[in-house]
Protein chains: 2
Amino acid sequence: MESALEVLASSIARWIENGDRLETAVPGLSLFRRDEPTQPMSGMYEPSICVVAQGAKRVILGDDTFVYDAHHYLITSVHLPTVVQIIDANREKPFLGLSLKLDMGEISKMMVDSNLPAPRPQQSNRGMATGEVTLPLLNAFQRLVDLLADQKDVPILAPTIEREIVYRLLVGDQGARLRQIASAGSQSQQIGHVIEWLKRNFTHPLRIGDLAAKSGMSPSTFHHHFRSLTALSPLQYQKQLRLREARRLMLTDHLDAATASFRVGYESPSQFSREYSRLFGAPPLRDIAGLRQMTAVQTMNPARVLAAETA
Amino acid sequence: MESALEVLASSIARWIENGDRLETAVPGLSLFRRDEPTQPMSGMYEPSICVVAQGAKRVILGDDTFVYDAHHYLITSVHLPTVVQIIDANREKPFLGLSLKLDMGEISKMMVDSNLPAPRPQQSNRGMATGEVTLPLLNAFQRLVDLLADQKDVPILAPTIEREIVYRLLVGDQGARLRQIASAGSQSQQIGHVIEWLKRNFTHPLRIGDLAAKSGMSPSTFHHHFRSLTALSPLQYQKQLRLREARRLMLTDHLDAATASFRVGYESPSQFSREYSRLFGAPPLRDIAGLRQMTAVQTMNPARVLAAETA
DNA sequence: TGATTTATTGTCCGATCCTGCGAGGTCTTC
DNA sequence: GAAGACCTCGCAGGATCGGACAATAAATCA
């Protein structure tokens with residue numbers, strides 16, 4: 001196990017010398033590297049599995065915090081705004097990890113095809129969980145990373161390996177959680193759809209009645225499930241999407257605060273500013289200035305910082 | 001609509017001159033033809049969609065009878081032993097139909113991928129239902145049959161057309177039923193798995209408790225759902241599998257009644273004979289003799305008759 | 001430096017949202 | 001067949017949001 005981790009770590013390190021995120025030639029597979037711990041910063045998780053070869057990372061989602069490291073993967077079933085922090089990394093042993101996007105459709109198909117034990121409790125849970133990394137799982141990821149050396153094999157072999165990974169996750173200790181969100185028709189799955197919709201339409205003002213209807217639940221039930229999955233109310237979730245996007249617009253497109261606020265759906269800059277401060281700790285201009293300075297110190301371009309945050 | 005049906009009818013007729021079942025080059029697609037009405041005879045349905053271009057057919061499942069014709073398709077979600085009868089066919093306007101196997105995994109994937117409305121009521125229902133044929137659905141089947149003329153296109157085009165068909169079924173009036181059985185983790189889906197297992201292992205003596213455990217329900221709940229889906233108790237279901245297989249063994253492999261009965265799991269030929277009569281109306285030898293005669297009259301080989309029954 | 005523009009903070013208000021609770025229904029179990 | 005678990009729904013009070021307006025602070029430019 002330990003030696004397998006070392007091999008994976010060096011494989012990852014070989015591909016990502018500096019910079020902290022690399023989209024690889026295997027669709028959906030990203031590599032991560034950090035040479036030192038970071039401050040807590042807001043980040044977005046997508047439906048994916050994250051594995052760490054070296055170091056440790058902390059994710060805060062509402063009241064829960066998840067820590068994952070070389071022996072614990074993090075599995076995420078919907079897009080979730082979180083606060084993330086690398087807590088174990090240094091120049092000799094940098095944080096090295098990878099993430100692989102999950103396709104819920106494929107997972108669902110696999111659940112039906114293989115006679116997996118039924119998930120008795122249908123109740124919603126957090127859209128994120130940590131589980132124990134097993135050696136076979138690690139080996140599968142190793143093979144996936146190895147594919148990068150021989151890219152012509154990717155289209156053929158990657159799907160097979162990914163299916164193996166999904167299977168191992170489904171039968172693993174967090175399989176029930178995954179099954180829940182991938183089960184067509186389950187509440188979690190319906191909420192997942194609403195979240196996808198929100199991600200595309202966050203600039204429109206939103207009526208939660210409509211969202212509830214989309215998910216086929218009453219408003220009150222909808223609220224319950226949404227919160228239990230995301231730790232946020234629907235409106236708070238949308239707000240985070242808006243503010244994050246506004247931050248991106250200001251940072252990379254150099255928009256001023258007012259137009260950014262309009263762009264993401266706010267009609268009053270004052271309200272925008274107020275809520276921005278509450279989320280990011282500082283009002284728009286000051287926050288952006290801080291970020292710019294950070295990137296300047298690290299001699300990194302702003303886009304890269306953003307990439308790290310929208311991982 | 002009427003003209004579309006005529007076109008489909010002649011397309012089917014072109015491919016199947018005589019004989020009553022034809023497995024086509026499109027995997028899972030079968031064509032059917034009958035030049036005259038039949039007596040009721042026992043038949044097995046598999047997860048599939050059946051469409052009729054001309055004529056009508058009756059299926060009896062427990063207390064329910066389903067009739068389907070040019071304007072009504074029959075959708076089946078699990079393997080079901082039934083009694084079937086062609087009720088509308090003659091030499092001028094023979095019964096012409098087709099069936100397409102359904103892959104529950106694909107259906108499940110599609111349900112997750114497309115934002116389909118949630119199936120509110122989770123209660124189990126019969127594993128079979130009729131629905132109204134729409135023109136787009138008919139057109140899709142027409143295109144599928146047309147593929148038979150250009151077989152090199154099959155691997156590329158057939159899956160697309162089948163996906164369209166599945167989609168139209170999902171949003172059609174019987175979509176909820178389909179969603180239910182395809183929903184990973186739903187009770188119907190669990191029962192479906194058990195049925196698959198039974199089909200492979202019907203020769204072993206069976207313990208209801210084990211089956212129930214397989215489906216993750218208590219024995220009583222399992223019983224309940226099984227019955228509502230199949231109109232049979234698990235034991236009756238298994239019995240039908242055994243007796244049908246015994247009949248096949250005697251008819252095509254020319255086994256004698258005793259060895260056939262042992263082969264399918266019976267330990268006492270007398271018990272076998274008694275239950276055989278009850279299901280098929282006549283004791284083994286007499287029944288087989290009758291079937292042989294029928295096939296002789298129709299100058300068909302026995303295997304073909306059987307094929308009709310295990311449609 | 002002063003003028004002008006832009007950003008931030010404050011307060012207020014109406015509308016909407018959010019959460020906890022109890023009733024009612026369904027499914028499960030014994 | 002009855003008790004029990006689970007889920008959903010609707011409700012009501014309290015919390016929050018988003019916008020309006022105004023005032024102050026900061027930044028930009030002449």
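Below, chain A is the first sequence line, B the second, and so on; all start at residue 1.
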Original post:
Can you find a heavy atom in the side chain of Tyr276(A) that is under 4.5 Å from one in the side chain of Arg247(A)?
Top reply: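 Yes - at least one pair of side-chain heavy atoms lies under 4.5 Å apart.
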Subject >> Sequence-distant partners of Asp64(B), salt bridge (charged side-chain N to carboxylate O under 4.0 Å, His left out), two or more places apart >> reply: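 Partners of Asp64(B) by the salt bridge (charged side-chain N to carboxylate O under 4.0 Å, His left out) criterion, ordered by chain and then number, come out as Arg126(B).
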To the nearest Å, give me how far apart [atom1] ([X]) and [atom2] ([N]) are.
X: His254(A); N: dT6(C); atom1: NE2; atom2: P; value: 18 Å
X: Gln187(A); N: dC6(D); atom1: CD; atom2: P; value: 14 Å
X: Gln240(A); N: dC17(D); atom1: CD; atom2: P; value: 11 Å
X: Gln190(B); N: dT28(C); atom1: CD; atom2: P; value: 12 Å
X: Tyr266(A); N: dC17(D); atom1: OH; atom2: P; value: 9 Å
X: Phe262(A); N: dT6(C); atom1: CZ; atom2: P; value: 11 Å
X: Gln180(A); N: dC6(D); atom1: CD; atom2: P; value: 14 Å
X: Asn125(A); N: dC6(D); atom1: CG; atom2: P; value: 13 Å

Original post:
Is Glu106(B) salt-bridged to Lys109(B), cutoff N-O under 4.0 Å?
Top reply: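 Salt bridge flag = no for Lys109(B) with Glu106(B).
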Original post:
So, does Gln238(B) use its side chain to make a donor-acceptor pair with the main chain of His204(B) at under 3.5 Å?
Top reply: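 Side chain of Gln238(B) to backbone of His204(B): a pair is present.
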**OP:** Using ring-ring contact (aromatic ring centres under 6.0 Å, His included) as the criterion, list what pairs up with Tyr266(B), not counting sequence neighbours.
**Re:**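 Expected list: Phe272(B).
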Original post:
Per the end-axis method with five pairs at each terminus, what is the bend angle of the helix from dT1(C)-dA30(D) to dC30(C)-dG1(D), to 10°?
Top reply: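 For the helix from dT1(C)-dA30(D) to dC30(C)-dG1(D), the axes at either end differ by 50°.
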What residues form a side-chain hydrogen bond (donor to acceptor under 3.5 Å, both in side chains) with [X], not counting sequence neighbours?
X: Ser218(A); value: Thr221(A)
X: Ser268(A); value: Ser270(A)
X: Asp103(A); value: none
X: Arg263(A); value: none

Original post:
Side-chain donor-acceptor pair under 3.5 Å between Ser108(B) and Ser108(A), yes or no?
Top reply: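 A pair is found: one side chain offers a donor N or O, the other an acceptor, under 3.5 Å apart.
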Subject >> Set of side-chain contact (heavy atoms from CB on, under 4.5 Å) partners for Ala213(B), sequence neighbours left out >> reply: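 side-chain contact (heavy atoms from CB on, under 4.5 Å) check on Ala213(B) returns nothing, list empty.
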**OP:** Answer yes if the ring centres of Phe226(B) and Tyr237(B) are under 6.0 angstrom apart, and no otherwise.
**Re:**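 Yes: the rings meet the under 6.0 Å criterion.
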**OP:** Find which nucleotide of DNA chain D each of Ser218(A) and Gly265(A) is nearest to by heavy atoms, and output the residue with the more 5' nucleotide.
**Re:**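 Final value for this comparison: Ser218(A).
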Just the atom pairs and distances: protein N or O near nucleotides 28-30 of chain D's N or O, under 3.5 Å.
none

**OP:** Determine whether more than 12 heavy atoms belonging to other residues, nucleotides or ligands lie under 6.0 Å from atom OH of Tyr167(B).
**Re:**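 It does not: Tyr167(B) OH has 12 such atoms or fewer within range.
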Original post:
Nucleotide by nucleotide, 5' to 3', does protein get under 4.0 Å of the base (B), only the sugar-phosphate (S), or neither (-) in nucleotides 13-20 of chain C, counting heavy atoms?
Top reply: ---SSBBB
Original post:
Base, backbone or nothing for each nucleotide of nucleotides 7-12 of chain C, written B, S, -, heavy atoms under 4.0 angstrom, 5' to 3'?
Top reply: SSBBB-
Original post:
Is any side-chain N or O of His225(B) closer than 4.0 Å to OP1 or OP2 of dC27(C)?
Top reply: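 Indeed not, no polar side-chain atom of His225(B) lies that close.
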**OP:** Scan residues 215-242 of chain B for pairs that pass salt bridge (Lys or Arg N to Asp or Glu O under 4.0 Å), counting only residues two or more places apart or in two chains.
**Re:**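 Sorted pair list: Lys239(B)-Glu275(B).
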